[in-house]
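Remember, it's 1-based here, ligands and their atoms both numbered in the order they're listed. Quick caveat: nothing in here was measured; it's all calculated off a predicted structure. Throughout, numbering of the chain's residues begins at 1 and tracks the sequence.
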Amino acid sequence: MRLVLLGPPGIGKGTQAQNLSEHFGVLKISTGDILREAVREKTPLGKEAKSYMERGALVPDEVVIGIIRDRLKKPDSQKGFLLDGFPRTVPQAEALSKMLLGFGWGLDRVVHFVLDEEILIQRLSGRRSCSTCTAVYHTKYNPPKEENRCDLCGGPLIHREDDHPETIQKRLQVYKTQTQPLVHFYQKLGLLTEIESSGDIPTVFQNVLGFLSKKKV
Ligand code: AP5
């Protein structure tokens, strides 16, 4: 299985990537998680990415393309992967096509999650993320068992720097101008499937599973 999960900030790509990864035993690759870990570890990549991420801008294409190229070369990518948060620009999508061609692979599907902006903002504003293991919660829609503690590892939950109101607006704007053109890009290739995402987390998951089983992906 080789899937791209596409959609605006806060729609639930990471949440569904985690569910799909557990369900199918397939590798999840999230550029957002890789970059946040680099920022936490203060690596050269993290130092470069930090200022872009804090202001809700995209990290330069060549940097994220390099991350994905290195990641796909690792043996655990051979069996398939879910890409969460990549590609996000047309040059990234073109680079991905070239990379996959080089490996002799193709994408099975691009799952495009869609939802009203008002609900996206509610999802982002209430999101809490584990600072240790990257698990994601929501204060109302998916609360942890114990307030501000990760159910999985007990780590403290944080409100992501880029989940504050002004940065959310900026990220939504960046999505419209830089990432939305990918809808047309993948439609032309006949790879795009739209999943309406207003249901709760299990409902959206079932919708994705239903679609994948119909397509025999
Ligand atoms: P990234 O981490 O990829 O952020 P994003 O795309 O903005 O997506 P989010 O993580 O905000 O949301 P999500 O769709 O995964 O939603 P989630 O499942 O968490 O990127 C962050 C930054 O890194 C970027 O701004 C950029 O700077 C940089 N970057 C990353 N990749 C890059 C790239 N390729 N190129 C350049 N720069 C890059 O869910 C959100 C909340 O909603 C959670 O609280 C969850 O519990 C809740 N929720 C989820 N589903 C539901 C549901 N169905 N019902 C109710 N609540 C739900």
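- For H159, the NE2 atom is densely surrounded, since the number of other residues' heavy atoms within 6.0 Å is greater than 12.
- The closest protein non-hydrogen atom to atom 37 (N) of ligand 1 is V59 N, 3.0 Å.
- Applying the salt bridge (Lys or Arg N to Asp or Glu O under 4.0 Å) test to E196 and every residue at least two apart in sequence or in another chain returns nothing.
- What sits closest to atom 29 (N) of ligand 1 on the protein, heavy atoms only, is L35 CD1, 3.5 Å.
- Without hydrogens or angle criteria, S77 side chain to R71 main chain gives a donor-acceptor distance under 3.5 Å.
- At distances below 3.5 Å, not a single donor-acceptor pair connects side-chain atoms of Y175 with backbone N or O atoms of K170.
- Side-chain contact between V59 and L35 is present, with at least one heavy-atom pair separated by less than 4.5 Å.
- Both the backbone and the side chain of L58 come within 4.0 Å of ligand 1, judged by heavy-atom distances.
- From the protein, the heavy atom lying nearest to atom 19 (O) of ligand 1 is R127 NH1, 2.5 Å.
- Remark: distances from the non-hydrogen atoms of R36 to ligand 1 include one below 4.0 Å.
- The shortest N or O to N or O distance between Y141 and ligand 1 is not below 3.5 Å.
- Checked by distance only, ligand 1 and T31 come closer than 3.5 Å through their nitrogen or oxygen atoms.
- The salt bridge (Lys or Arg N to Asp or Glu O under 4.0 Å) check on R127 picks up D163, with sequence neighbours excluded.
- Salt bridge annotation for E166-R171: absent, with no cationic side-chain nitrogen under 4.0 angstrom from a carboxylate oxygen.
- Taking the centre of each ring, H112 and Y186 stay at or above the 6.0 Å mark.
- Side-chain contact check for E22 and Q18: at least one donor-acceptor pair (N or O, by modelled atom type) lies under 3.5 Å.
- D162 and T167 share no side-chain donor-acceptor pair at under 3.5 Å.
- Annotation for ligand 1: atoms under 4.0 Å from non-hydrogen atoms of Q92 are 33 (C), 34 (N), 35 (N), 36 (C).
- Considering backbone and side-chain N/O atoms, Y137 comes within less than 3.5 Å of an N/O atom of ligand 1.
- Remark: minimum distance from atom 13 (P) of ligand 1 to any protein heavy atom is reached at K13 N, 3.5 Å.
- Residue L124 places a heavy atom less than 4.0 Å from ligand 1.
- With a 4.0 Å heavy-atom cut-off, ligand 1 is reached by the side chain of V204 but not by its N, CA, C or O.
- T193 and R109 are linked by a side-chain donor-acceptor pair at a separation below 3.5 angstrom, with hydrogens and angles left out of the test.
- Residue contacts with ligand 1 for Y175 are absent, since no atom lies close enough (heavy atoms, distance under 4.0 Å).
- Within the set G12, S197, P9, G199, the minimum heavy-atom distance to atom 53 (N) of ligand 1 is found for G199.
- Within the 4.5 Å cutoff, the side chain of S125 has no heavy atoms near those of the P165 side chain.
- Taking a cut-off of under 4.0 Å to the non-hydrogen atoms of D200, the atoms of ligand 1 that pass are 53 (N), 54 (N).
- Within the 3.5 Å criterion, the main-chain N or O of L115 finds no donor-acceptor partner in the side chain of S197.
- Of the listed options R123, Q16, R160, R123 places a heavy atom closest to atom 41 (C) of ligand 1.
- Atom 49 (C) of ligand 1 has T15 OG1, 3.6 Å as its closest protein atom, hydrogens excluded (heavy atom only).
- Nearest to atom 34 (N) of ligand 1 by heavy atom, out of G85, G126, P60, G32, is G85.
- In this structure, the protein non-hydrogen atom closest to atom 51 (C) of ligand 1 is I201 CG1, 3.3 Å.
- The protein non-hydrogen atom at the shortest distance from atom 26 (C) of ligand 1 is A57 O, 3.5 Å.
- Closest to atom 5 (P) of ligand 1, if we only count protein heavy atoms, is R88 NH2, 3.2 Å.
- A heavy-atom separation below 4.0 Å is found between G10 and ligand 1.
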